[in-house]
Colleague: 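Pasting a structure here, questions to come.
Residue numbers run from 1 in the order of the sequence given. For clarity, every value in this text was computed on a predicted model and none was experimentally measured.
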Amino acid sequence: MVKLHVVMKKEEIDKEKLNGQKVVVVFDILMATSVITTAIQHGAKAVIPVANQEDALYEASIREKGTYVLVGEYNGLTIDGFESPHPERLSKTVEGKDIILTTTNGTVAIKHALNAKKVYIASLLNAKHSAKAVCSEHLDETVVLVCSGSSGAFNVEDFYGVGYYIDCLITSSQKPWEMSDTALCAHQFYLGAKEKGTELLMASRVGKMIANHGMKTEVAFAAQKDIFAVSPIVTDEGVIGV
């Protein structure tokens, strides 16, 4: 029986327990993992997740100008000199380029999870395709689904996204899943709200903040399910590709 666990926020990731053994799937629905999924779908060479502005600028300094796009936010505000980390806006500019990405929550969660055996990147946009990839490769391993959360707090959009991903895992696999209580709660939450994804994201604290910055359409974009057939994964070099 496959074991399935949910981490409610990035601060609860136990690096020692991952220890090259667990398979991790990271979610930051608004917006890091939605941005990554969209960038890969639209032909980005790779996404380089970094923890902060300083690391992003260093990554840019070792690359030839014109070969990358520098993308980042901190506490919801676009960093000066960086592109805004919102998927629809970036989709037209990423083809053939490396995306250097820093965000308050999602890229930090990815960095915290690098001690795992494998790290996948998922959003509502690619949940079904990613779940199929995990089922095809890891049905004899423990799978940990990580909600990035928001500055140390739980957020509802990641919990909803994880719940939908669990639903996709169940339908993609013929094997039973041994769910932790957090996984069971996330799945049941999704089943009760599955027709209200856009409404839920719009009503969330982060969703309202993004909408108040004039990007309501970006929240609606991130609420779409399964419009992309990509399954981004973190390579041994720490960059994200397929």
Colleague: To check you understand the geometry: which heavy-atom pair defines the closest contact between Asn75 and Ser151, and what is its length?
Modeller: OD1-OG, 3.9 Å
Colleague: Do Val146 and Val144 have side chains that approach each other closer than 4.5 Å (heavy atoms only, starting at C-beta)?
Modeller: yes
Colleague: Quick check: are there more than 12 heavy atoms from other residues, nucleotides or ligands sitting under 6.0 Å from CG of Asp80?
Modeller: no
Colleague: List for me each residue that meets side chain to side chain donor-acceptor pair (under 3.5 Å) alongside Ser172, sequence neighbours excluded, and say none if there are none.
Modeller: none
Colleague: Rounded to the nearest 0.5 Å, what separation is found between the OG1 atom of Thr235 and the NZ atom of Lys118?
Modeller: 8.5 Å
Colleague: Provide the closest heavy-atom pair for Ala186 versus Ile166 in the form atom of the first, atom of the second, distance.
Modeller: CB-CD1, 4.1 Å
Colleague: Between NE2 of His112 and OG1 of Thr107, what distance do you get to the nearest 0.5 Å?
Modeller: 9.5 Å
Colleague: Could you tell me whether a side-chain N or O of Thr171 sits under 3.5 Å from a main-chain N or O of Cys168, the two making a donor and an acceptor?
Modeller: yes
Colleague: Check the hydrophobic clustering (I, L, V, M, F, W, Y; side-chain heavy atoms under 4.5 Å; chains of links allowed) and say if Val239 and Leu114 are grouped together.
Modeller: no
Colleague: Which atom pair, heavy atoms only, marks the closest approach of Ala127 to Asp226?
Modeller: N-OD1, 3.5 Å
Colleague: Above 12 or not: heavy atoms from other molecules or residues under 6.0 Å from CG of Asp181?
Modeller: no
Colleague: Are the side chain of Asn115 and the backbone N or O of Lys15 linked by a donor-acceptor pair below 3.5 Å?
Modeller: yes
Colleague: Going by atom type alone, with no hydrogens or angles, which donor-acceptor pairs under 3.5 Å involve a side-chain atom of residues 193-208 and a protein atom two or more places apart or on another chain?
Modeller:
unit_1 : atom_1 : unit_2 : atom_2 : d
Ser204 : OG     : Leu201 : O      : 2.7
Ser204 : OG     : Gly207 : N      : 2.9
Arg205 : NH2    : Ser150 : OG     : 2.6

Colleague: Any sub-3.5 Å donor-acceptor pair from Glu11's side-chain atoms to Gly152's backbone N or O?
Modeller: yes
Colleague: What distance separates Leu125 CG from Lys225 NZ, expressed to the nearest 0.5 Å?
Modeller: 12.0 Å
Colleague: Ignoring hydrogens and geometry, is there a side-chain-to-backbone donor-acceptor pair from Asn126 to Ser231 under 3.5 Å?
Modeller: no
Colleague: Only pairs at least two apart or in different chains count here, so list each ring pair (Phe, Tyr, Trp, His ring centres under 6.0 Å) that has a residue in residues 63-87.
Modeller: none
Colleague: Testing the basics here: between Cys147 and Val162, what is the closest heavy-atom pair and its distance to 0.1 Å?
Modeller: SG-CG2, 3.6 Å
Colleague: Is it the case that one hydrophobic cluster holds both Ile79 and Met209, taking links as side-chain heavy atoms less than 4.5 Å apart, direct or via other members?
Modeller: no
Colleague: Contact between Met179 and Ile170 at the side-chain level, heavy atoms closer than 4.5 Å - yes or no?
Modeller: yes
Colleague: Would you say Phe221 and Thr217 make side-chain contact, with heavy atoms under 4.5 Å?
Modeller: no
Colleague: Can you run down the ring pair (Phe, Tyr, Trp, His ring centres under 6.0 Å) pairs that involve residues 167-207, sequence neighbours left out, and say none if there aren't any?
Modeller: Phe159-Phe189, Tyr160-Tyr190, Tyr164-Tyr190
Colleague: Taking salt bridge (charged side-chain N to carboxylate O under 4.0 Å, His left out) as the definition, give me every residue that meets it alongside Asp167, ordered by chain and number, with sequence neighbours left out.
Modeller: none
Colleague: Do Val108 and Ile100 belong together in a cluster built from hydrophobic side chains that touch within less than 4.5 Å?
Modeller: no
Colleague: A side-chain contact here means heavy atoms from C-beta on lying under 4.5 Å apart; do Ile110 and Ile240 qualify?
Modeller: yes
Colleague: Taking only residues two or more places apart in sequence or in another chain, which ones pass salt bridge (charged side-chain N to carboxylate O under 4.0 Å, His left out) with Glu83?
Modeller: none
Colleague: With side chain to side chain contact (heavy atoms under 4.5 Å, CB included) as the criterion, how do Ser173 and Leu139 come out once you've worked through the C-alpha distance, each side chain's angles and the decisive distance to 0.1 Å?
Modeller: CA-CA 8 Å; Ser173 169; Leu139 275 184; 3.7 Å; yes
Colleague: Please determine, by modelled atom types, if Asn155 and Glu157 share a side-chain donor-acceptor pair under 3.5 angstrom.
Modeller: yes
Colleague: What side-chain donor-acceptor pairs closer than 3.5 Å can you find for residues 47-56, not counting sequence neighbours?
Modeller:
unit_1 : atom_1 : unit_2 : atom_2 : d
Asn52  : OD1    : Glu54  : N      : 3.3
Asn52  : OD1    : Asp55  : N      : 2.8

Colleague: Mind checking what makes side chain to side chain donor-acceptor pair (under 3.5 Å) contact with Ser180, not counting sequence neighbours?
Modeller: His5, Thr182
Colleague: For the residue pair Leu90 and Pro85, what are the closest heavy atoms and their distance?
Modeller: CD1-CA, 4.1 Å
Colleague: Mind checking side chain to side chain donor-acceptor pair (under 3.5 Å) for Glu218 and listing every partner two or more places apart, or none if nothing turns up?
Modeller: none
Colleague: So Cys135 and Leu169, do their side chains get closer than 4.5 Å, heavy atoms only?
Modeller: yes
Colleague: List the atom pairs, donor and acceptor, that lie under 3.5 Å between side-chain atoms in residues 22-43 and the rest of the protein, sequence neighbours left out.
Modeller:
unit_1 : atom_1 : unit_2 : atom_2 : d
Lys22  : NZ     : Lys17  : O      : 3.1
Asp28  : OD2    : Ala32  : N      : 3.3
Asp28  : OD2    : Gly106 : N      : 3.1
Thr33  : OG1    : Asp28  : N      : 2.8
Thr33  : OG1    : Asp28  : O      : 3.1
Thr33  : OG1    : Ala122 : O      : 2.9
Ser34  : OG     : Ile29  : O      : 2.8
Thr37  : OG1    : Thr33  : O      : 2.7
Thr37  : OG1    : Ser123 : OG     : 3.3
Thr38  : OG1    : Ser34  : O      : 2.8
His42  : ND1    : Thr38  : O      : 3.0

Colleague: Applying side chain to side chain donor-acceptor pair (under 3.5 Å), which residue pairs with at least one partner in residues 127-141 are found, sequence neighbours left out?
Modeller: Lys117-Glu141, Tyr120-His138, Ser130-Tyr165, His138-Glu141
Colleague: Rounded at 0.5 Å granularity, tell me how far CD in Glu16 sits from CD in Gln21.
Modeller: 12.5 Å
Colleague: Run the salt bridge (charged side-chain N to carboxylate O under 4.0 Å, His left out) test against Glu95 and tell me which residues pass, sequence neighbours left out.
Modeller: none
